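Working notes, structure below.
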Amino acid sequence: MKGFGFMTRSLVEKLSDVVGAAFSARDLPADLGAVRVSDRPDLAQFQCNGAMAAAKIAGKAPRDIANDIVGTLAGHGDLSRVDIAGPGFINLDVTDDYLAAHLRDMAGDSHLGVPQSGSGQTVVLDYGGPNIAKPMHVGHLRSAIIGDSLRLMMRYAGFKTLGDVHMGDWGTHMGMIVSEFIRTGATDRILGIDLEDEEQIDALMGELGVMYPQIAAACKEDPARKEEALAATVKIQNKESPYFDLLQLIRKASVNGMRRNYALLGVHFDLWKGEADVHDLIAPMVADLKAKKLAVESDGATVIPVKRDDDKKEMPPLILYKRDGGVMYGTTDLATIVERVSLYDPARIIYVVDQRQHLHFEQLFRAAMAGAVTRPDVALFFAGFGTMNGTDGKPFKTRAGGVMKLEDLIAMALDKARERLDEAALAQDMDEAEKNDVAHKVAIAAIKFADLQNQRTSDYVFDLDRFAAFEGKTGPYMLYQAVRIKSLLRKAYVTNDIDIDIDTMFRDLWNNDVSLREGDRSLALQLAQFSDAFDAALRHYMPHHLAEYGYQLANSFSSFYANCHILSEDDPAIRQSRLALCVLTYKVLETTLAMLGIAIPRRM
RNA sequence: GCGCCCUUAGCUCAACCGGAUAGAGCAACUGCCUUCUAAGCAGUAGGUUGGAGGUUCGAGUCCUCCAGGGCGCGCCA
């Protein structure tokens with residue numbers, strides 16, 4: 001690749017510098033020169049709205065100020081057009097050469113222009129939370145998809161990321177199950193289960209799946225039964241035998257299923273920890289908080305008050321020990337902060353959890369800060385997400401009204417994908433293994449893209465028929481566009497059907513001059529927006545900005561593909577430049593999809 | 001009762017720090033497969049951004065009130 005260094009500024013940032021300097025030259029704040037992509041593409045490529053804001057400061061008419069700025073910018077070699085529109089908008093176009101040079105910088109940058117803002121800092125992300133002994137269900141889908149996406153984005157931006165599954169293995173539900181095994185005399189049988197034997201594990205999980213709803217119902221009806229479960233919970237937490245032994249066995253058996261589910265989804269965790277892992281940190285932590293007079297007795301429980309005088313809402317204390325001596329999730333969550341800070345020294349801890357737990361995390365963060373169990377420079381962030389609803393607008397359920405298992409949901413998506421693949425007749429020449437692989441990638445892309453294109457914080461309607469229709473703004477559409485580029489490049493490089501090395505092509509193509517013309521311009525401008533979209537997504541922990549960007553890029557490419565000759569272009573320089581644009585589009589699209597946890601098949 | 005969130009096209013959703021004519025997808029309608037994958041492209045139609053005030057040169061976005069919906073509020077997670 002021709003020599004150019006790291007790219008540190010996006011196109012709009014560079015233009016903001018230029019226009020900002022023009023404002024400075026008129027003794028106006030440089031930040032008024034902020035340039036953004038025009039929302040009137042029919043009028044201009046970029047716009048600056050600063051002249052209108054400057055009117056007050058300068059005591060002049062916006063159009064007069066805009067006139068001054070335009071005067072300063074006129075003749076700038078990189079701008080092909082600068083003019084004023086409406087009340088004082090400054091409209092800008094860049095030259096094709098400048099745009100091409102920018103793309104060249106981007107192509108030469110190891111991260112396609114995304115700044116390495118993480119600079120090696122560690123961040124812990126918490127996006128699992130499945131309970132052991134229970135099958136994973138659709139409620140685990142959003143945290144997994146969003147959390148993994150945030151992890152991938154942060155890693156790309158130069159953070160050292162640690163995703164923790166943080167399974168629920170220390171609560172009352174375990175007391176219910178363990179007490180049931182003990183009361184029915186099943187202890188020896190359960191403890192005799194061979195954890196190397198898949199069949200025995202599956203049998204146990206099946207048994208637990210049937211058992212749990214029954215016990216939960218029994219505890220609800222019968223206070224004595226509930227007491228028994230709560231007592232067992234305390235015994236587990238005191239690591240008494242055989243209570244704790246039962247828990248450990250169930251936990252080990254449960255992890256199998258979790259790994260299988262997350263593997264199907266293509267969601268990765270670095271740490272497979274649970275609430276139980278921090279148990280030994282709890283007693284010293286509470287002792288310390290008591291010594292500091294932060295933890296106090298209240299109604300027989302030990303709590304940390306977190307209410308402030310200026311609170312408008314009620315703010316209950318964080319409970320550390322219940323009256324019966326048992327710990328709650330606030331306790332383990334607090335101890336988990338202690339553990340994470342001491343083991344990993346993170347700059348941030350991010351919780352990707354259902355929005356409904358917002359209050360709990362506010363209590364937790366306040367307790368953590370007040371109790372100084374963490375350092376003040378460790379940012380604790382609650383990235384809450386909305387509920388996944390069914391087409392009726394109510395929380396997603398099976399037709400029968402029950403909770404749908406995650407594996408069933410994935411299987412349904414897989415069926416749809418396979419069905420559509422058969423209809424399309426395109427996959428006919430694939431063998432069964434490849435067909436399955438493509439169907440799986442299509443199914444996961446459908447599910448993930450459908451989720452991630454929604455704003456994280458809002459509820460969304462899960463409608464598999466719509467997602468898997470594979471038309472319009474869907475994951476499969478994204479894959480389709482990526483695969484078309486790959487196919488085109490494969491043809492350009494005449495390697496028959498052998499898998500091509502995109503990186504080699506990428507270097508080859510960008511080692512030549514790249515020039516742009518009319519039909520290439522909108523795709524090129526779209527490519528230049530990558531790092532801005534990435535930044536928006538990262539800054540707010542909102543992957544939908546990247547999903548939206550990816551769709552627009554795929555769409556721009558599809559237009560370009562339909563309207564421009566590429567392989568059939570006679571002029572070798574134009575053909576070469578367009579191929580360079582294609583390979584950069586592929587790289588950016590692939591990276592964008594990768595950040596969303598979506599993998600592209602070789603063909604489809 | 002207290003508090004938080006939401007209401008944008010028939011449906012599902014976007015709109016970065018308040019900016020021009022509020023954008024997509026689906027559904028509907030019209031074109032386009034002897035150039036590279038039609039799971040596609042180009043186009044038409046569809047809106048008083050729940051309602052009423054206010055701030056502002058400018059409001060889907062900020063403030064107040066109202067209507068409708070969702071969620072959370074001490075020993076479950």
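These numbers come from a predicted model, not from an experiment. Proteins get letters first, then strands, A, B, ... in listed order; numbering begins at 1 in each.
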For B:G74, does the base pair up with any side-chain atom of A:Ser298 as donor and acceptor (N or O, under 3.5 Å, distance only)? yes

Under 4.0 Å between a side-chain N or O of A:Tyr477 and OP1 or OP2 of B:A38? no

Using a 3.5 Å limit on both pairing distances, list the dot-bracket string of RNA chain B from the 5' end; Watson-Crick and G-U wobble pairs count, crossing pairs take [ ], interstrand pairs take |. (((((((..((((.....[...)))).(((((.......))))).....(((((..]....))))))))))))....

Under 4.0 Å, counting only non-hydrogen atoms across every strand here, what does A:Asp333 touch: a base, just sugar-phosphate, or nothing? nothing

Please classify the nucleic acid contact of A:Leu359 as base, sugar-phosphate, or nothing, using heavy-atom distances under 4.0 Å. sugar-phosphate

Using a cut-off of 4.0 Å on non-hydrogen atoms, how would the nucleic acid contact of A:Cys564 be classed: base, sugar-phosphate, or nothing? base

Assign A:Tyr551 to base, sugar-phosphate, or nothing according to its heavy-atom contacts below 4.0 angstrom with the strands shown. sugar-phosphate

Between A:Ser458 and B:G70, is there a contact of a side-chain N or O with OP1 or OP2 at under 4.0 Å? no

For A:Val483, which contact category applies under a 4.0 Å heavy-atom criterion: base, sugar-phosphate, or nothing? base

Which heavy-atom pair separates A:Val438 from A:Met604 by the least distance, and what is that distance? CG1-CB, 3.9 Å

Rounded to the nearest angstrom, tell me the gap between atom CD in A:Gln357 and atom P in B:C71. 15 Å

Base, sugar-phosphate or nothing for A:Leu230? Non-hydrogen atoms, less than 4.0 Å. sugar-phosphate

Can you find an N or O donor on one side and an acceptor on the other, under 3.5 Å apart, linking the side chain of A:Gln552 with the base of B:G23? no

Describe the nucleic acid contact of A:Gln455 in one word from base, sugar-phosphate, nothing, applying a heavy-atom distance below 4.0 Å. sugar-phosphate

Separation of B:A77 atom C1' from A:Asp354 atom CG, nearest Å, is 11 Å

Reckon A:His544 has a side-chain N or O less than 4.0 Å from the OP1 or OP2 of B:C13? no

Just checking A:Gly168: base, sugar-phosphate only, or nothing, at a heavy-atom cut-off of under 4.0 Å? nothing

Regarding B:A77, can its base be found pairing with the side chain of A:Tyr329 as donor and acceptor, where the two atoms are less than 3.5 Å apart? yes

Quick one: sort the A:Phe467 and A:Tyr460 rings into parallel, tilted or perpendicular, breaks at 30° and 60°. parallel

Has A:Ser558 got a side-chain N or O lying under 4.0 Å from the OP1 or OP2 atom of B:C41? yes

Hey, does the side chain of A:Lys491 come within less than 4.0 Å of B:U37's phosphate (OP1/OP2), counting only N and O? yes

Whole angstroms only, please: what is the CG-P distance between A:Asp39 and B:A24? 13 Å

With a 4.0 Å cut-off on heavy atoms, is A:Met328 in touch with a base, just the backbone sugar-phosphate, or nothing at all? sugar-phosphate

A:Arg251 and A:Asp277 ion-paired at < 4.0 Å: yes

For A:Arg36, which contact category applies under a 4.0 Å heavy-atom criterion: base, sugar-phosphate, or nothing? base

Donor-acceptor pair under 3.5 Å: do we get one between A:Asp169's side chain and the base of B:A77? no

Over how many whole Å does the gap from A:Tyr480 atom OH to B:G25 atom C1' extend? 17 Å

Within the 4.0 Å heavy-atom criterion, would you say A:His173 contacts the bases, only the backbone, or no part of the nucleic acid? nothing

Determine the contact category for A:Ala53: base if any of its heavy atoms lies under 4.0 Å from a base atom, sugar-phosphate if only primed atoms, P, OP1 or OP2 are that close, otherwise nothing. base

Quick one: label A:Asp299 by what it contacts on the DNA or RNA (base, sugar-phosphate, nothing), any heavy atom closer than 4.0 Å. base

What closest approach, in Å, do A:His140 and A:Gly129 show between heavy atoms, and which atom pair accounts for it? NE2-O, 4.0 Å

How would you label the contact of A:Leu43 with the nucleic acid (heavy atoms, under 4.0 Å): base, sugar-phosphate, or nothing? base

Side-chain N or O of A:Ser487 less than 4.0 angstrom from OP1 or OP2 on B:C36? no

Not counting sequence neighbours, list each pair that qualifies as a ring pair (Phe, Tyr, Trp, His ring centres under 6.0 Å) and has a residue in residues 303-335 of chain A. A:Tyr329-A:His360

Side-chain donor/acceptor of A:Glu423 to base of B:A39, under 3.5 Å: no

Look at A:Lys322 and B:C76 and indicate whether a side-chain polar atom (N or O) is within less than 4.0 Å of OP1 or OP2. yes

Is it true that the side chains of A:Arg9 and A:Ser16 contain a donor and an acceptor less than 3.5 Å apart? no

